[in-house]
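One structure below.
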Protein chains: 2
Amino acid sequence: MSQSDTVERILDAAEILFAQKGFAETSLRAITSKARVNLAAVNYHFGSKEALIQAVFERYLTPFCLALDAKLQELEQAGGVDLEKLFGLASRLALGSHGDETRRAIIFFRLAGQAYSQPQDHLRAYLREHYGAVFRRFLALLHAAVPEVPSLELFLRVHFCLGAVIFTLSGMESLQTISKKDFNTDITAARITQQLLPFVVGGIRG
Amino acid sequence: MSQSDTVERILDAAEILFAQKGFAETSLRAITSKARVNLAAVNYHFGSKEALIQAVFERYLTPFCLALDAKLQELEQAGGVDLEKLFGLASRLALGSHGDETRRAIIFFRLAGQAYSQPQDHLRAYLREHYGAVFRRFLALLHAAVPEVPSLELFLRVHFCLGAVIFTLSGMESLQTISKKDFNTDITAARITQQLLPFVVGGIRG
DNA sequence: GTATCGGCCAAACGTATGTTTAAAACGCTT
DNA sequence: AAGCGTTTTAAACATACGTTTGGCCGATAC
């Protein structure tokens, strides 16, 4: 019986380190050291580094997608779909409500950025297989909200927005550094994400 | 006197491999093997792997930024600044005119995506130092084109757009694969970039 | 009390990496 | 053709990595 929380500690450490440094640059030794756990624990509990990467994504994504799917189903049955509502919902669900949730969400977005730029084919296939359905349901609702946009264009624009969001949240503190240097202004993370929403909505509408 | 083209061959191979697999996942052996060059050649000509990465960026970015800077200076003196013109110019300059240029541009955008997601601090500092001036000049012209947008917001929106562009061009063939699977449609790279321009212009305007 | 089993640990294994070395090959000048 | 600085080469080097091993601990079941 797993009495201890070794698995969780590994996942916590891996989530943070992967997001900070990328998958290849993060060694198992760095992870197990941060988690204060024996090196062999990763291979014992997860089997391999690849499996650990998948597990990190699964722990975050599964609850999120379940919640999103439920909300989307509600919207479907309610009938009325509104663009701002739809993205507001996704945004609130993805970024969380209180500070801690948001902090972790940003970590996860950076993780997503890593997964995107590095050709982790196993991961991409895994994500597509497990969470593709929710994405398609979201796309369908979006199509209902802006029927004037052809679905292929809509698909592209959603990816444009995804890029803006992931890119922005991944490089959050770079943005903050630059804005301090070039504009002498401290800009909060909340302010940035706040600006993001109208940009996304506008971009989808075209 | 360097009679041979060892250096260029290394840069060519490195550019492609780094873009495909990322910096850490690309070994010097893979690079020198693809370039049909001895392993030690990298350290001999560049000094280190880090220096090679910088050299790859410099070879591409320096001519591009010089050209862009010249064009921007023309625009400044001509006085009239138009949003579509400005981004059209940047787009034409960045993506090139004929097929080969465009292919290489896309490779470079993927490279930029890699650089962004991985905390290559040495690279980010280097880019900022060498090419920051052009970026600020571009931003100033942009501000003149849409004076109604506060400059800090403008700065953020430009980064949103940058994210959309880099993300999109980095994952180009992923997009093509998905669009074929989910929409049964072959979508050309030209079509995607074409859709990108109005999205960007709209996003900046807000 | 002892057998059993899942979890944990230190240590080692094999491999791949970036880098260095010292000698060989080359190209140019004289 | 001899000399010399530059480039190329094969080999080795040190290190870091993911993974595997075999024994040890502690709780549960009999």
Side-chain angles (χ1 to χ4, degrees), chain A residues 1-59 111 114-115 117-123 126, chain B residues 1-59 111 114-115 117-123 126:
Chain A
M1 245 8 101
S2 161
Q3 199 85 328
S4 86
D5 49 351
T6 305
V7 170
E8 291 297 318
R9 291 234 302 284
I10 291 175
L11 286 172
D12 288 341
E15 185 173 282
I16 292 172
L17 290 179
F18 281 150
Q20 275 179 357
K21 303 195 157 205
F23 304 113
E25 287 90 340
T26 302
S27 67
L28 293 187
R29 283 169 175 83
I31 294 171
T32 54
S33 160
K34 182 180 177 70
R36 291 196 316 279
V37 152
N38 187 273
L39 167 61
V42 169
N43 286 279
Y44 178 76
H45 286 287
F46 298 94
S48 70
K49 188 180 182 180
E50 273 201 2
L52 171 61
I53 296 175
Q54 285 190 12
V56 168
F57 275 84
E58 185 182 0
R59 182 176 67 151
L111 220 52
Q114 302 280 2
S117 69
Q118 300 184 218
Q120 298 276 6
D121 295 331
H122 69 102
L123 224 187
Y126 172 84
Chain B
M1 263 341 118
S2 159
Q3 198 85 330
S4 89
D5 49 352
T6 304
V7 170
E8 291 297 317
R9 291 235 302 285
I10 291 176
L11 286 172
D12 289 340
E15 185 173 283
I16 292 173
L17 290 179
F18 282 150
Q20 275 179 357
K21 305 196 155 203
F23 304 112
E25 288 90 340
T26 302
S27 67
L28 293 187
R29 283 167 176 81
I31 293 171
T32 54
S33 159
K34 182 180 176 69
R36 292 197 314 281
V37 154
N38 188 273
L39 167 62
V42 168
N43 285 279
Y44 177 76
H45 286 286
F46 297 95
S48 69
K49 189 181 182 181
E50 273 201 2
L52 171 61
I53 296 176
Q54 284 191 13
V56 167
F57 274 84
E58 184 182 0
R59 181 176 68 150
L111 220 52
Q114 301 281 2
S117 67
Q118 301 183 218
Q120 297 276 5
D121 296 330
H122 69 100
L123 225 187
Y126 172 84

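Lettering follows sequence order; numbering is per chain, from 1. These numbers come from a predicted model, not from an experiment. Heavy-atom basis, side chains included; hydrogens, waters and symmetry copies ignored.
Here A/S27 does not reach the OP1 or OP2 of D/dA16: none of its side-chain N or O atoms lies under 4.0 Å away. Within the 4.0 Å cut-off from OP1 or OP2 of C/dG6, not a single side-chain nitrogen or oxygen of A/H45 is found. The shortest distance between the side-chain N/O atoms of B/T6 and the OP1/OP2 oxygens of D/dT8 is below 4.0 Å. OP1 and OP2 of D/dG18 both lie 4.0 Å or more from every side-chain N or O belonging to A/N43.
Between the side chain of B/R9 and the backbone N or O of B/R36 there is at least one donor-acceptor pair closer than 3.5 Å. At least one donor-acceptor pair under 3.5 Å links the side chain of A/K49 to the backbone N or O of A/F23. With hydrogens and angles ignored, the 3.5 Å screen pairs a side-chain donor or acceptor of A/T26 with a backbone N or O of A/L17.
Rounded to whole Å, the distance from CD on B/E25 to C1' on C/dG18 is 15 Å. We find that CG of A/N38 is positioned 13 Å from C1' of D/dT19, with the value rounded to whole Å. In this structure, A/I53 places its CD1 atom 12 Å from C1' of D/dG18, rounding to the nearest Å. Going from atom NZ of A/K21 over to atom P of D/dC17 covers 10 Å, rounded to whole Å. In this structure, CD1 of A/I10 is placed 8 Å from P of C/dC8, rounded to the nearest angstrom. Between the P atom of D/dT8 and the CG atom of B/D5 lies a distance of 9 Å, rounded to the nearest Å. For the pair A/Y44 OH and C/dC8 P, the computed distance is 7 Å after rounding to whole Å. A straight line from CD of B/E50 to P of C/dT17 spans 18 Å, rounded to a whole angstrom.
Here the nucleotide nearest the side chain of A/R29, chosen from C/dT19, D/dG18, D/dT8, is D/dG18. In this structure, the nucleotide among D/dT20, C/dT21, C/dT19 sitting nearest to the side chain of A/A40 is D/dT20.
Heavy atoms of B/T32 sit nowhere under 4.0 angstrom from any nucleic acid atom.
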Please test A/V37 against A/V42 for side-chain contact (heavy atoms from CB on, under 4.5 Å), starting from the C-alpha separation and ending with a verdict.
CA-CA 9 Å; A/V37 152; A/V42 169; over 6 Å; no
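When all heavy atoms of B/K21 and B/Q114 are compared, the closest pair comes out as C-NE2, 4.2 Å.
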